[in-house]
Amino acid sequence: MGGKKICIIGSGNWGSAIAKIVGANAGKLDMFDTTVNMWVFEEEVNGRKLTEIINTDHENVKYLPGHKLPPNVLAVPDLLESVKGTDILIFVIPHQFINRVCETIKGHLKPDAVGMSLIKGVDEGPEGLKLISDVIREKLGITMTVLMGANLANEVAEDKFCETTIGCKCKETGAVLKSLMQTKNFRVTVVEEADVVEICGALKNIVAVGAGFCDGLGNGDNTKAAVIRLGLMEMIAFAKLFCKGSVSPSTFLESCGVADLITTCYGGRNRKIGAAFAKTGKTIEELEKEMLNGQKLQGPATAMEVHHILKAKNLTDKFPLFTAVHQICFEKHPVTEFVSCLQNHPEHM
């Protein structure tokens, strides 16, 4: 006892996969309190409470079936109770719940608590786009860091080798978080450009929708590779426009950048819906209802918010791929014209 106390806020697929790692590391490293709290939105599964199942059987049978959680991960149904006395808060919930969660725990945290966001998405701000870590920082007044990478939850839970990136401005805090997260097969790199790490996590979803259009149109691998490369160039250009500090190209070579982009453009729901959109002619909303079980896509929504910013700055012509994804999703532009936006890309001028 006496080490840093950890709480994982969220217990879905990704939250439970992270709980496997965090629980195992906290259980064996003296710098952390052995018990890891995990806030679980209470629900019934086969007549039993989900928290009771997790605490008795050590498995999240609803969101990560077939994977045992370490016995020191404690499922807590009361959000305020779960964050009591916490030093490190790991946020891993759907981004639409973040405001409600922050309102509940505001004023109940240690002033020197550190938060880490694993949430890939953006919120709407006065300029159209706001990073989730900024939303949490403003609401709770705590130091924020982020973790982003090519990390499909089920593969992480299966202990398949992958890499991830922590964005953290303070070297000491970054070292502590790396100790908490790293395993033999989950390799962590820490970089200082936290806002660049996080913006990569949001923007790659726009590119993935475009990659899906390519698949749906049967454009082939060469075209898809061009979409990924041009999308990466637009991600870099937008980060330079949006992020306040310096933006070094090396951050895009980390897992949060090119690796996450490739994974998302070949797997993931944004690519899947993009392909179905090009094939079926149905709307994004119809496909969401049919294919995603009530979940929302991040890509089209992010494309819309990015479009607002670019339009306000008269820069849409410098970002033809982002602009085309927005126009095809929301302005009835024919999806068959997607490739023509790449033929005259500023990168080729």
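The first residue in the sequence is number 1, and the count goes up from there. Hydrogens, waters and symmetry mates play no part in the numbers below; they use all other heavy atoms, side chains included.
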Pair Ile98, Ile136 - check side chain to side chain contact (heavy atoms under 4.5 Å, CB included), show working. CA-CA 8 Å; Ile98 202 67; Ile136 300 170; 3.7 Å; yes

Checking Asn270 against Val207 for the side chain to side chain contact (heavy atoms under 4.5 Å, CB included) test, could you report, in this order, the C-alpha distance in whole Å, the side-chain angles of both residues, the deciding distance, and whether it holds? CA-CA 9 Å; Asn270 287 283; Val207 187; over 6 Å; no

Same apolar cluster: [X] and [Y], side chain cutoff 4.5 Å:
X	Y	result
Met116	Ile18	yes
Leu203	Leu310	yes
Ile206	Leu287	yes
Val335	Leu321	yes
Val135	Leu89	yes

Side chains of Thr302 and Asn205: donor-acceptor distance under 3.5 Å anywhere?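 Judged by distance alone, the side chains do not pair up.
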
Residues His345 and Glu234: side-chain donor-acceptor under 3.5 angstrom: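 Looking only at side-chain atoms, Glu234 and His345 do form a donor-acceptor pair, the distance falling under 3.5 Å.
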
So which heavy atom on [X] is nearest to which on [Y], and how close?
X	Y	result
Asn72	Gly23	ND2-O, 2.9 Å
Gly27	Thr34	CA-CG2, 4.2 Å
Gly257	Cys200	CA-SG, 4.0 Å
Ile132	Ser117	CG2-OG, 4.0 Å
Asn314	Asp317	O-OD1, 4.0 Å
Met148	Leu118	CE-C, 4.1 Å

For Phe330, give me all partners under ring-ring contact (aromatic ring centres under 6.0 Å, His included), at least two apart in sequence or on another chain.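 For Phe330 the ring-ring contact (aromatic ring centres under 6.0 Å, His included) partners, ignoring immediate neighbours, are His326.
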
Would you indicate whether [X], at its atom [atom1], is surrounded by more than 12 heavy atoms from other residues, nucleotides or ligands within a distance under 6.0 Å?
X	atom1	value
Lys272	NZ	no
Glu172	CD	no
Lys110	NZ	yes
Asn222	CG	no

Please determine whether side chain to side chain contact (heavy atoms under 4.5 Å, CB included) holds for the pair Val156 and Thr164, giving the CA-CA distance in whole Å, both sets of side-chain angles, and the decisive distance to 0.1 Å. CA-CA 11 Å; Val156 172; Thr164 200; over 6 Å; no

Does the side chain of [X] reach to within under 4.5 Å of the side chain of [Y], using non-hydrogen atoms?
X	Y	value
Glu337	Gln327	no
His58	Val73	no
Asp123	Asn99	yes
Thr173	Thr143	no
Leu315	Phe322	no
Glu254	Val197	no
Asn344	Pro320	no
Leu80	Lys84	no

If the threshold is 4.0 Å, N to carboxylate O, is there a salt bridge linking Arg137 and Asp134?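 Yes, this pair counts.
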
Quick one: which residue pairs count as a salt bridge (Lys or Arg N to Asp or Glu O under 4.0 Å) with a foot in residues 184-208, not counting sequence neighbours?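 Of all non-adjacent pairs touching residues 184-208, those that pass salt bridge (Lys or Arg N to Asp or Glu O under 4.0 Å) are Lys171-Glu192, Lys204-Asp260.
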
Any pair counted as salt bridge (Lys or Arg N to Asp or Glu O under 4.0 Å), so long as it reaches residues 138-165, sequence neighbours left out: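 Non-adjacent pairs meeting salt bridge (Lys or Arg N to Asp or Glu O under 4.0 Å): Glu103-Lys139, Lys130-Glu138, Glu158-Lys160.
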
Can you measure from [atom1] ([X]) to [atom2] ([Y]) and round to the nearest 0.5 angstrom?
X	Y	atom1	atom2	answer
Thr86	Lys5	OG1	NZ	6.0 Å
Lys178	Asn25	NZ	CG	12.5 Å
Ile309	Phe242	CD1	CZ	5.5 Å
Ile9	Phe41	CD1	CZ	15.0 Å
Ser179	Lys4	OG	NZ	11.0 Å
Asn151	Cys256	CG	SG	10.0 Å

Got a donor-acceptor contact below 3.5 angstrom from the [X] side chain to the [Y] backbone?
X	Y	value
Trp39	Ile8	no
Glu59	Ile53	no
Ser82	Leu79	yes
Gln298	Lys120	yes
Lys68	Asp57	yes
Ser16	Leu64	no
Glu286	Thr283	yes

Contacts of type salt bridge (charged side-chain N to carboxylate O under 4.0 Å, His left out), residue Lys313, not counting sequence neighbours: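 With neighbours one apart ignored, the set is Glu127.
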
Could you work out, with salt bridge (charged side-chain N to carboxylate O under 4.0 Å, His left out) as the rule, every residue matching Lys318, not counting sequence neighbours?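 Lys318: no salt bridge (charged side-chain N to carboxylate O under 4.0 Å, His left out) contacts found.
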
Quick one: ring-ring contact (aromatic ring centres under 6.0 Å, His included) pairs with a partner in residues 185-219, sequence neighbours left out?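 The answer is Phe213-Phe277, Phe213-Phe338.
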
Going through the checks in order, is the side chain to side chain contact (heavy atoms under 4.5 Å, CB included) test met by Asn60 and Leu50? CA-CA 7 Å; Asn60 187 336; Leu50 184 55; 3.7 Å; yes

